[in-house]
Structures are given as structure tokens and as C-alpha cells.
Amino acid sequence: MQEHDTSWVRTEMALSQQAPAGVRGLGAWIRKNLIASTGDTILTIVGIVLVAMILPQIINWAFINAQWTGTDRTFCATVAQGGIQPDGWSGACWAFVNAKFGQFMFGRYPIDERWRPILVAVLFVVLLVPLLIPRVPRKGLNAILFFLVLPIVAFILLTGGVFGLLHVETPLWGGLLVTLSLSFVGIAVSLPIGIVLALGRRSKMPIVKTLCVVFIETVRGIPLITVLFMASVMLPLFLPAGVTFDKLLRALIGVSLFAAAYMAEVVRGGLQAIPKGQYEGADSLGLGYWQKMGLIVLPQALKLVIPGIVNTFIGMFKDTSLVYIIGMFDLLGVVKLHFSDANWATPQTARSGLVFAAFVFWLFCFGMSRYSMFTERRLDTSYKR
Amino acid sequence: MASQEILREEPSRGSFINDPKVRGIFFQAVVVIVLVALVWWIVQNTIDNLTRLRIASGFGFLRGRAGFDISDSAIAYSSDSTYGRAILVGFINTLIVAVAGIITATIIGFILGIGRLSHNWLIRKICMVYVEVFRNIPPLLVIFFWYSGVLAVLPIPRESINLPFGSFLNQRGFYFPRAVWGDGSWLIFVALLVGIAMAWFVARKARQRQMATGQQFPVFWTSAALIVGLPLLAYALSGFPLSFDYPKQSTFNLTGGFQVKPEFLSLYLALSCYTAAFIAEIVRAGIMGVSKGQSEAAGALGLRPGSILRLVVVPQAMRIIIPPLTSQYLNLTKNSSLAIAIGYPDLTATAGTVLNQTGQAIECVLIMMVVYLGLSLLTSAVMNVVNARMALVER
């Protein structure tokens, strides 16, 4: 029997070589991503034309031609409109945003008391940031401070009337302050209510189930404005004569109930995704209903639906702008209110104010969605597939 | 023997109050009692308040004279019309803007969604920027932007911007030629209907023949010829009855033509732009949800890229797309109620005006709720039918 000759087997690794010139470098990238075929080339040209048409205009308007400083409308109006800019000028009037910045942030909150919302904002950030960074320890204490202590402190600081603080009525609140307080309270209230509604909808008790289904489907079927109308017009009718509600509180109730119905559907999706074995396993361990839900089912279900929950939060944050329609001045409302300021009325004012408001809303919403993507990746235990 | 005796005994039952059935009944009874008490309290308060404010409940007020004007009305309406008619006008306006918005948003959304999956880097990025911008700002802000930021700063009517086909754009809206149908133009519509019916029939027959014999038939071109050709033929036969009323510039305003008011235009554009971003994400998710093996297998069977998309990928993607698409359509319809912020007379705006004038808060809010719920149910029903046709047919 002949012995196997293995001398042809290589003993050392071949040196790795560079990829061929055709598939690396800028040229190859352009060939692959921009001009792979005739149709692709046409698309690229269309895209370039589109960008070349729009982008310079936006940059010109927002930065190069923009008026950054100024004290009144003459700085943002052309000569023909009674201002100092050359005819045909079109640029953002950031001077308007600059002059009204305090209003946009706090509304008509007394200027001497503005340190209070600022302090609340600082506390909010100081408590929120460690809560969001997974590595920082003491999450439990942090959460208690954030969800229980902060709202009370914020309420006392913002409304005042005790400890020698000047009482500031909520009609004086406005701007980003109202937007953020509405959404923070809305988020904190709607999540627990939504979970209870979702559990109720999957309950075996027919009356509880029917009530939850009717509530969820009704609220989801009507626009938020109708709910806000109801909260602002019908709520006073439902209460005994003489009992009046704060307008902000009415809006809060409306927004929270509305968001709770959407939250309930999101949570229900998570509950349905939990295999039956988990429920049965919990039952066989002798856990009661709330133990079973609180310890076994909800932790898994909520983790599954984090993207949905954050989407609902984002939706609610955007929806707070609707309180403008029932006569409150959130960020968008304040911006809109100041268009009509005769001191600043120019063709550019509305655009600039709205772009600023859009930027603020965008920052918050985009931040939330990015953070949710990060959490999703971190909590992903890769059970799926 | 003794042990068997024990076995035959009833299994030991826990305490009466630990029985889940009893607990359920007890708990539900408590819920019902609390609810009834609450409703009773609310009803009593409401009745008290209404008598105090001297408001008669009931829907009789709908027959009263409205006394306010509506700027945009698809049906005959004047301030002498009834409140009921005012609400009807609002309802029709809601329908118009919702349907127009849904169609436009779907088209833009599908283009963007497919664009986000394009092999072309530039197109992908452009679509991504659009989606990320519009998804993260409130719809109300988009509406205001179109209304006060874009349309309100257009030139005055005397300096209108000329657009192709004799249309004009200025502060007061968009003007385009109005079609005037002369005598005998009904023939064109009849021809159109006949064309559509014949095209459908041809498509059916062609499909049957292909199933039976494998022979193909140029269905698309035949249908196009039928749907376009027959009305054109009718148009020629009836002596060219169609003419156009072009908008003309006069000293202060444009006369003639068809005017689209800036309120409608900004609401329609804003809803379409905003919802399109969401539809784009749904379409992207739907197409990505079809596994790559499907299109590779189709390619291995010798299908061309166009056919792969049309016959293999799209039908499967539609199954994923349709349910969330339905909820976006519902969202758009509900968001159309933002019209009230810029003064477009939709249902919420007209019903709100009626509410302010009559003080019939409960009735007006009830009308809004019922109409929007009805629209939601109708849209869901239609989309459920579409979904059922698209759904996976399993053995």
C-alpha cells in the first residue's frame, strides 16, 4: 500500500492580498452605488439635480442670507416692505426667534420667576441622563427620584404658592414648558393606564373586557381634537355646578386618556406574543394573577414592545401641539401667536418661527426614536430566530 | 378498602373566597356598581347644568338657521341653511380632503419606501432625509408651514405665478381651467364605463386562456386602448362637446376657472407629506419582510426582474403592508380634523362653530364622535376586504 504523499499541502498561510482594484476605492464605490446601470445613472442625475436645486436654497436661506440680530421688523424686511434688506432678499429671520426666545420657552411665565422652570429643567436632565445610561448604578433610587419625587418638586416649583414662592397660574405658562409638562405627565400617566386597559382587554371577565374594548376602540376611532373638545367643553357639564377645572389639567386628562388607549393596543401586542407556556408555568408555580403578570408576563411583554411604546410617546409629544386649538399656548401655539406681533410682521417671520419650532420638536422626537433603537439592541436577548 | 374511601371523597376545596369564579363575579359586580354610580352622578350633574344654562337637549337644533357662512362648500349652502346642512357640508369637506390626501400620500409613500431600498446611494439618502424629517415633526406644524410659511407669502393676484396649462398660483390659492361639458357629453362617460367593463372582461378572459393553454395576450395595451380609445371616439362622435373655462387675470383678482383655496391646499399638502413618511416606512418594512430566497428562487425559474417584483415580491409584501397601511389611512382621516386650526371648514370646524353658537356641546361632540367612528369602521371594512383578497391562501 502506497503511503500518502502530502508534500503538496501548504504549511504556511498565504499572505492576504489587497482586493482587486476594480472593487475597491472611490471609483468602485461610485460604480456600485451610483452608476451601476443606465437606469441607476439616470436616477443619480435626477437626484443630483434635485439636491442641487433645493440644498443651496435652504443653506442660503437658513445661514448665508439669514438675519441673526436685530431689534424689530426692519431688519428682516426688504426696502420695499419698509426694512433695510435689498429687494429680492429672502433669508431666515433668526432675529425674531432670538428676540422671542424667552417667550417660546416659558410663555408668559413672570420673568423674575423664570429661574424656577430652569431649575426644574436642570433637575430633569440631571435625573434623566443617568437613568438613560445603562452603566450608571442605582437605577432603583434614580427611578424613584425621577418618577415620584421630581413631579412633586416640579409641581411645587412651577405653580408656587407655598414656601414664599409666588403663585404662578397655569394660564401664564406657555411655550416649551407646557409642551414638556404635558408630554411628561401624559407619558407617566398613560403607560400604567394603558397596561391596565390591555390586561382588562385580555381578561376572562366579560364585563371588564367589554368595558375596556369599548373604551379603547372609541378613543382610537376619534381624533384627538374631539377628545380635547370633550375635555374642555363637556367635562365642565359633567361636574357639579361651581366646580371648575384648570384648563391645563383638562388638556392633561384628554391627552393622557387618548394616549392610554393607543398604549393599551401596543401592550396587548406584547401580551399576545408571550407563549402560553409562560402563563401556565407561572400558574403552576402557584403565583396569583398580579404576581404572574408583574413578575413573569409583563417584563417580557413590555420588553418586546419598547419600539411601539416609544412610538406612542413620540406621537403624544407631537400631539401636544393640538392644545393650541383649545386655546392653550404650547411651543407651536406661542410661535403662532407671535406671528401677529406688529413689531415683527414680515414675510419671513412665520417661516423662521415655524422652522425653529420644527427643529425643537424634531430634536426631541429624533432623540427618542434613536434611544429606543439603542435600547432595543441592548435588550435583545436574541431569542428570535 | 379504606384508602379507596378517601379517594372517592371530594377533593379538598380551598376557601370560598379563593375561588377565581366567585372572585370574578364579585369584582365585576363592584365594577358595574361603581360605573352605574358614576354615570348616574354625571347624568344628574349634566341635567342640572343644562337646566341652569337653559339649554334644551336633543337634536331639534339641527333644523335652526345656521347664520354663518362657509368659505368652501361642495353643495349648495348659504347662511340661511340649517345647522344640519352646515354639518353636512363639513362632513363632505372632510371626506374630500381625506380621500385626496390618502391617494396622494399612498403614491408619495410608495415611491419613497421603494426609494429607501434602492441600490442607488443618493436616492436612498434623499428618501431617508425626507422620512426622518417629516416623521419627527407634528402634523399641525406642517399645516401651519404650508399655510403661513409658503402659501401666505405667495404674490398677490395681480402678480400671479403662471403655470403650465393656463393655471395660476397666488395668495388666494391655485387656479386651473374648469372643464365645461356641453350637450351630449354623457356619451363620453358611458363610453368610459363601457371601456372599463370591456377591459375587465378582456383581462379575465386572457387570464383564463393563459391558465388553460399558456398563451399570453397583451392585456395592458388592449385595456389602455379600450379605456382611452372608446371615450375619445365618443368625444368625436358627439361633436367635441368639451370646452375649458380658463382663469383670466383682471385688475384685482382672477376670474373664471376653478379655484382651490389655500386652506384646502395647505391641509391637503401637509397631510399628504406627513402621512407619506409613515407609509414609506411601512412599505420598506413590507418589502424587507419578503425573504431574499423568494426573489432568488423566482430568478432561478427564469423570471425577469420586473416580473419578479410584480408576481413574487409585491403580492407577498402587500400582506405585510396592508394592515398598518389601514391604520395610517385612519390616522390621516383623523388628522384632517386639524383643518380647524387654519379655518378649512371640515366636520370638526363646522360642528365646533355650531357648538359655539348653540351651546349644544353634548350633541355636537356626539355627532363628531359618531361620524369619525363611522368613517374609521368604513375604512377598516374596505381595507379588510382588500386584505382578505391578499391574504395567504393556505391548504
Side-chain angles (χ1 to χ4, degrees), chain A residues 29 32-34 36-37 40 43-44 46-48 50-51 203-208 211 217-218 220-226 229-230 233-234 236-241 289 314 317-322 324-325 332 335-336 339 347-348 350-351 354-355 357-359 361-366 369, chain B residues 20 24-25 27-29 31-32 35 41-42 44-46 48-50 52-53 118-126 132-133 135-142 144-145 147-150 152-153 330 333-338 340-341 348 352 355 361-362 364-365 368-369 372-377:
Chain A
W29 185 87
K32 184 163 171 277
N33 288 304
L34 294 179
S37 63
D40 223 16
L43 275 181
T44 305
V46 170
I48 289 173
L50 211 66
V51 171
S203 158
K204 288 196 184 68
M205 294 182 273
I207 293 174
V208 174
L211 283 177
E217 293 305 330
T218 311
R220 270 161 42 90
I222 58 180
L224 178 56
I225 291 186
T226 315
F229 260 139
M230 208 150 52
V233 188
M234 281 167 81
L237 282 182
F238 289 164
L239 296 171
Y289 179 79
I314 294 176
F317 186 77
K318 289 190 290 183
D319 280 345
T320 53
S321 57
L322 265 62
Y324 163 73
I325 290 166
L332 185 57
V335 171
K336 182 100 171 47
F339 292 170
Q348 300 297 339
R351 253 185 239 184
L354 285 173
V355 167
F359 180 67
F361 273 108
W362 184 86
L363 268 187
F364 278 96
C365 296
F366 189 71
S369 75
Chain B
I25 291 169
F27 187 59
Q28 295 191 65
V31 168
V32 169
L35 195 74
W41 185 68
I42 286 176
Q44 284 302 316
N45 283 331
T46 313
D48 284 353
N49 284 325
L50 288 180
R52 196 165 43 80
L53 297 169
S118 162
H119 293 296
N120 192 313
W121 180 85
L122 190 66
I123 299 292
R124 220 159 52 214
K125 290 294 159 191
I126 292 174
E132 289 295 347
V133 166
R135 242 156 50 105
N136 289 317
I137 51 179
L140 188 59
L141 205 153
V142 185
F144 280 153
F145 188 80
Y147 190 61
S148 346
V150 178
V153 293
L330 295 182
T333 313
K334 284 184 279 174
N335 279 338
S336 72
S337 62
L338 297 177
I340 192 173
T348 313
L355 189 159
I362 298 175
C364 286
V365 173
M368 287 189 226
M369 283 176 64
Y372 281 109
L373 273 177
L375 281 180
S376 295
L377 290 178

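A, B, ... follow the sequence lines: proteins, then strands. Residue 1 opens every chain.
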For [X], which atoms come within 4.5 Å of any heavy atom of chain B: side chain, backbone, both, or neither?
X	result
A:Gln348	neither
A:Leu332	side chain
A:Leu34	both
A:Val335	neither
A:Ile48	both

*Determine the option with the most heavy-atom pairs under 4.5 angstrom with chain B, choosing from A:Ala350, A:Ser37, A:Ser321.*
A:Ser321

Should [X] and [Y] count as side-chain neighbours, where that means a heavy-atom distance under 4.5 Å?
X	Y	result
B:Val31	A:Leu211	yes
B:Thr348	A:Phe229	yes
A:Pro206	B:Gln28	yes

Could you measure the distance from the [atom1] atom of [X] to the [atom2] atom of [Y]? Nearest 0.5 Å is fine.
X	Y	atom1	atom2	value
B:Ser148	A:Lys336	OG	NZ	5.0 Å
B:Ser336	A:Ile225	OG	CD1	9.0 Å
B:Leu141	A:Phe359	CG	CZ	13.5 Å
B:Arg135	A:Cys365	CZ	SG	10.0 Å
B:Leu140	A:Tyr324	CG	OH	8.0 Å

*Take B:Met368 and A:Ile222 through the test side chain to side chain contact (heavy atoms under 4.5 Å, CB included) and record every step on the way to the result.*
CA-CA 8 Å; B:Met368 287 189 226; A:Ile222 58 180; over 6 Å; no

Taking [Y]'s backbone N and O only, do any of them form a donor-acceptor pair with [X]'s side chain (distance below 3.5 Å, no angle check)?
X	Y	value
B:Lys334	A:Arg220	yes
B:Asn45	A:Phe238	yes
B:Asn120	A:Asp40	yes

*Applying side chain to side chain contact (heavy atoms under 4.5 Å, CB included), run through A:Val355 and B:Phe145 and close with a yes or a no.*
CA-CA 8 Å; A:Val355 167; B:Phe145 188 80; 3.8 Å; yes

*Locate the shortest heavy-atom distance separating A:Pro223 from B:Ser337; write the atom from each residue and the value.*
CB-OG, 3.3 Å

_Closest non-hydrogen atom pair, A:Met205 against B:Phe27_ = CE-CD2, 3.4 Å

*Does the pair A:Lys32 and B:His119 meet the rule for a side chain to side chain contact (heavy atoms under 4.5 Å, CB included), with working shown?*
CA-CA 8 Å; A:Lys32 184 163 171 277; B:His119 293 296; over 6 Å; no

*After noting the C-alpha distance and the side-chain angles of B:Ile137 and A:Lys318, does the key distance pass the side chain to side chain contact (heavy atoms under 4.5 Å, CB included) rule?*
CA-CA 7 Å; B:Ile137 51 179; A:Lys318 289 190 290 183; 5.7 Å; no

Considering only heavy atoms, which portion of [X] lies under 4.5 Å from any heavy atom of chain A: side chain, backbone, both, or neither?
X	result
B:Asp48	neither
B:Val142	neither
B:Ile362	both
B:Ile340	side chain
B:Leu377	neither
B:Gln44	neither
B:Tyr147	neither
B:Leu338	both
B:Ile123	side chain

_A:Phe339/B:Phe144 aromatic ring centres below 6.0 Å_ = no

